[in-house]
**Student:** 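Below is a structure I'd like to ask you about.
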2 protein chains.
Amino acid sequence: MQMDERKRRILRAIIQDYIVTAEPIGSRTIARKFDLGISPATIRNEMSDLEVLGLIEQPHTSAGRIPSDAGYRYYVDCLMEGIELAKEEKAIIEQETAKRISEIQQVIAHTSKLLSQLTSLTSIVSGPLKEKNTFGQIHFLPYQPGEAIMVIVKENGVVENHIVDIGHEVSPEELQRLASILNEKMRGQSLKKVKKELLHEIYRELTRQRHLIDESQEMLAVILDSCEEKEQVYLGGALNMLNQPEFKDLSKIKKLFRFFEEDQSLKKLLQPAHEGLNITIGGENIFEEFHDCSVISATYRIDEDTLGAIGVLGPTRMNYSKAIAIVDFMTQSMSENLARGRKRY
Amino acid sequence: MQMDERKRRILRAIIQDYIVTAEPIGSRTIARKFDLGISPATIRNEMSDLEVLGLIEQPHTSAGRIPSDAGYRYYVDCLMEGIELAKEEKAIIEQETAKRISEIQQVIAHTSKLLSQLTSLTSIVSGPLKEKNTFGQIHFLPYQPGEAIMVIVKENGVVENHIVDIGHEVSPEELQRLASILNEKMRGQSLKKVKKELLHEIYRELTRQRHLIDESQEMLAVILDSCEEKEQVYLGGALNMLNQPEFKDLSKIKKLFRFFEEDQSLKKLLQPAHEGLNITIGGENIFEEFHDCSVISATYRIDEDTLGAIGVLGPTRMNYSKAIAIVDFMTQSMSENLARGRKRY
DNA sequence: TTTAGCACTCATCGAAGGAGAGTGCTAACA
DNA sequence: TGTTAGCACTCTCCTTCGATGAGTGCTAAA
């Protein structure tokens with residue numbers, strides 16, 4: 001059996017209706033709502049075919065049909081026409097992504113909030129991958145006696161500060177020397193390399209120059225910690241899930257939210273199958289919890305270098321064209337801005 | 001009518017049972033579960049009295065009784081005996097509060113996570129009030145050409161860094177001079193004062209020395225922003241609410257979570273009626289959303305100076321003695337640590 | 001090939017009724 | 001006079017049972 005134009009029209013009608021109503025739809029209702037020029041009986045026959053093809057299914061015998069995962073997949077791949085965002089929406093996104101904020105957490109938080117507001121879905125935003133990151137400079141600033149502020153600048157533009165205990169009073173000159181040792185060893189090196197190889201070397205160097213600093217443990221621990229790839233992931237608009245009729249029972253909500261609480265898992269949701277835009281529908285998702293959800297995600301990059309990803313999560317019955325348009329435009333806007341804005345993050 | 005010992009025993013039995021089961025309890029069940037040495041009929045008479053006193057109530061005629069807000073209040077004030085935390089719990093709390101972390105966000109996040117884990121309730125933790133804070137030092141570090149890293153150290157120990165655009169290349173000496181101007185004006189001044197008075201003065205000073213720096217707007221904007229009292233509030237274990245039988249209908253959950261999404265309102269939940277430990281039961285709460293919740297909160301301080309607050313939120317039917325013991329011990333432990341740990345935050 | 005007609009299925013809703021837990025009242029008891 | 005047993009009554013909860021209605025598949029006619 002083959003898909004023909006009439007089958008396609010009916011499938012599209014079913015999906016478009018279901019996206020709005022979340023109710024199974026029957027042949028009679030389709031004939032009434034959509035002007036297809038054929039009678040319910042004909043539609044019934046076609047629907048029977050569509051069911052054999054696996055594109056729609058019946059929750060139970062006497063209910064209407066709903067799209068299956070395969071149906072959505074067919075819709076997304078072959079039926080759906082892309083939409084253009086409204087000017088205002090574009091303007092808001094461009095405006096928001098153009099902001100230059102040095103605190104990476106804030107950028108992520110803002111982005112995810114905006115994304116969930118625009119789509120009415122749940123958004124997931126991941127920050128830059130640290131593994132591709134390298135050390136820039138390290139500075140020391142005086143603080144309380146016996147303590148110093150260590151400022152670590154990474155080459156993707158992230159700046160961190162840590163307060164470190166140095167055990168006894170040190171002169172600015174000593175701190176200066178310490179900084180130059182660290183900088184000499186670490187500048188331009190990847191976090192991974194520093195973690196795996198250079199830390200020992202630095203430790204040896206520092207113990208050799210024992211007069212320089214007594215207690216370097218804490219400082220090295222801070223550097224080590226800074227190398228860890230605890231990638232930031234941010235979730236926005238999780239509450240939107242509560243509004244979806246498919247999540248009206250508490251146990252589903254619990255499962256979902258429990259999942260959301262683990263950053264590590266969340267990150268995996270965003271892991272792209274390939275560069276660019278990814279669409280994961282229902283059962284395609286690796287996590288069983290999201291077998292009735294779909295994820296639209298995309299990566300943002302700077303000069304071909306993937307930095308992070310953003311995505312939206314909603315019921316399989318989401319408005320795909322809108323979600324895709326927004327995620328797509330947003331990553332583009334972010335990437336352009338990063339390219340323009342001088343390699344920040 | 002007066003409370004006598006027998007009434008007190010019965011009230012305590014009702015509350016203790018309800019805290020565990022969340023089910024109304026009847027005279028027969030009380031007689032069976034608790035060894036009070038009196039018959040169901042007698043208990044019935046006493047319960048009737050307790051109802052007249054407003055300490056318990058009936059959901060409907062043929063159900064058992066449940067404690068009223070006033071009943072809980074009486075329990076907390078007069079009946080409940082304080083408990084001692086287990087050694088392990090104390091150890092965990094002390095260990096966690098002893099950690100010295102320079103990122104204030106992390107401290108708050110950790111604390112709130114721990115608190116919700118220990119109590120199985122939802123926790124709210126607020127960071128130090130910025131209004132009581134004063135500027136310490138400001139440093140500039142070189143960054144990309146035309147940009148600099150501005151490190152702001154506040155006297156409560158918070159360190160912030162910001163990347164500022166300075167429009168054209170400046171030498172380290174120029175940055176040094178700039179820093180000394182800012183430090184001279186701002187060191188030791190409260191954020192409020194800087195915001196209200198000193199910023200203009202600094203601006204005037206900078207324009208007078210126009211050769212020093214061309215575009216100081218962004219820098220000043222950053223300082224202004226740093227003065228804003230956007231107090232951090234953190235919520236932990238909101239999911240625990242989902243496990244409470246009183247929140248099994250979705251509309252309540254929605255209301256609650258919608259409330260949680262607004263930091264501003266959340267902060268108000270913690271606002272203490274007085275110093276020390278605060279207990280707000282059910283309808284005593286200013287927010288209608290929390291009329292079937294109770295809040296146990298306490299402030300942590302350094303040298304008599306209140307810095308912030310922590311609290312737990314749960315159904316009115318919470319384990320008060322446990323929650324109180326934990327919140328109390330935790331604030332004490334935090335305060336002691338702050339005092340010992342050299343005025344960090 | 002399309003359509004009208006018809007018998008059939010099944011979820012949903014409301015009414016009816018039994019079970020169970022709990023109460024208040026009365027009268028007897030210590 | 002306080003305590004207790006007995007009993008009628010109340011009200012929620014659960015189950016059962018039709019009625020309703022939306023939807024289907026099949027058959028036969030157009």
**Student:** Tabulate below the donor-acceptor pairs under 3.5 Å that side-chain atoms of residues 25-43 of chain B make, not counting sequence neighbours, or state none.
**Tutor:**
from     : atom 1 : to       : atom 2 : distance (Å)
Ser27(B) : OG     : Arg44(B) : NH1    : 3.3
Lys33(B) : NZ     : Asp17(B) : OD1    : 2.6
Ser39(B) : OG     : Ala41(B) : N      : 3.3
Ser39(B) : OG     : Thr42(B) : N      : 3.4
Ser39(B) : OG     : Thr42(B) : OG1    : 3.2

**Student:** Report the distance from atom OG1 of Thr122(A) to atom CG of Leu256(A), rounding to the nearest 0.5 Å.
**Tutor:** 7.5 Å
**Student:** In chain order, what residues pass the ring-ring contact (aromatic ring centres under 6.0 Å, His included) check against Phe247(A), with sequence neighbours excluded?
**Tutor:** none
**Student:** Provide the full list of ring-ring contact (aromatic ring centres under 6.0 Å, His included) pairs with a residue in residues 261-295 of chain B, sequence neighbours left out, each pair given once.
**Tutor:** Phe259(B)-Phe287(B), Phe259(B)-Phe290(B)
**Student:** Taking only side-chain nitrogens and oxygens of Arg6(A), does any of them come within less than 4.0 Å of OP1 or OP2 of dT1(C)?
**Tutor:** no
**Student:** Between protein and nucleotides 26-30 of chain C, what N or O pairs are separated by less than 3.5 Å?
**Tutor:**
none

**Student:** Kindly list each side-chain donor-acceptor pair under 3.5 angstrom involving residues 50-61 of chain A, sequence neighbours excluded, with atom names and distances?
**Tutor:**
from     : atom 1 : to       : atom 2 : distance (Å)
Glu51(A) : OE1    : Arg65(A) : NE     : 2.8
Glu51(A) : OE1    : Arg65(A) : NH2    : 2.7
Gln58(A) : NE2    : Thr61(A) : O      : 2.7
Gln58(A) : NE2    : Ala63(A) : O      : 3.3

**Student:** I need a per-nucleotide contact map over nucleotides 20-30 of chain D, read 5' to 3'. Cutoff is protein heavy atoms under 4.0 Å; write B for the base, S for backbone only, - otherwise.
**Tutor:** --BSBB-----
**Student:** Whole angstrom is fine here: how far is it from NE2 in His60(B) over to P in dC11(D)?
**Tutor:** 10 Å
**Student:** Between dT3(C) atom P and Ile43(A) atom CD1, what is the distance in whole Å?
**Tutor:** 9 Å
**Student:** Which donor-acceptor pairs under 3.5 Å do the side chains of residues 235-245 of chain A make with protein atoms, sequence neighbours left out?
**Tutor:**
from      : atom 1 : to        : atom 2 : distance (Å)
Asn240(A) : ND2    : Leu121(A) : O      : 2.9
Asn243(A) : OD1    : Lys254(B) : NZ     : 3.4
Gln244(A) : OE1    : Arg317(A) : NH2    : 2.9

**Student:** With sequence neighbours excluded, tell me which residues meet side chain to side chain donor-acceptor pair (under 3.5 Å) with Tyr320(B).
**Tutor:** Ser294(B)
**Student:** Atom CG of Asp49(A) to atom P of dT1(C): distance rounded to whole Å?
**Tutor:** 12 Å
**Student:** Tell me the interatomic distance from Asp17(B), atom CG, to dG22(C), atom P, rounded to whole angstroms.
**Tutor:** 10 Å
**Student:** ring-ring contact (aromatic ring centres under 6.0 Å, His included) with Phe260(A): which residues, sequence neighbours excluded?
**Tutor:** Phe257(A)
**Student:** What is the distance from CD of Glu23(B) to C1' of dA21(C), rounded to the nearest Å?
**Tutor:** 12 Å
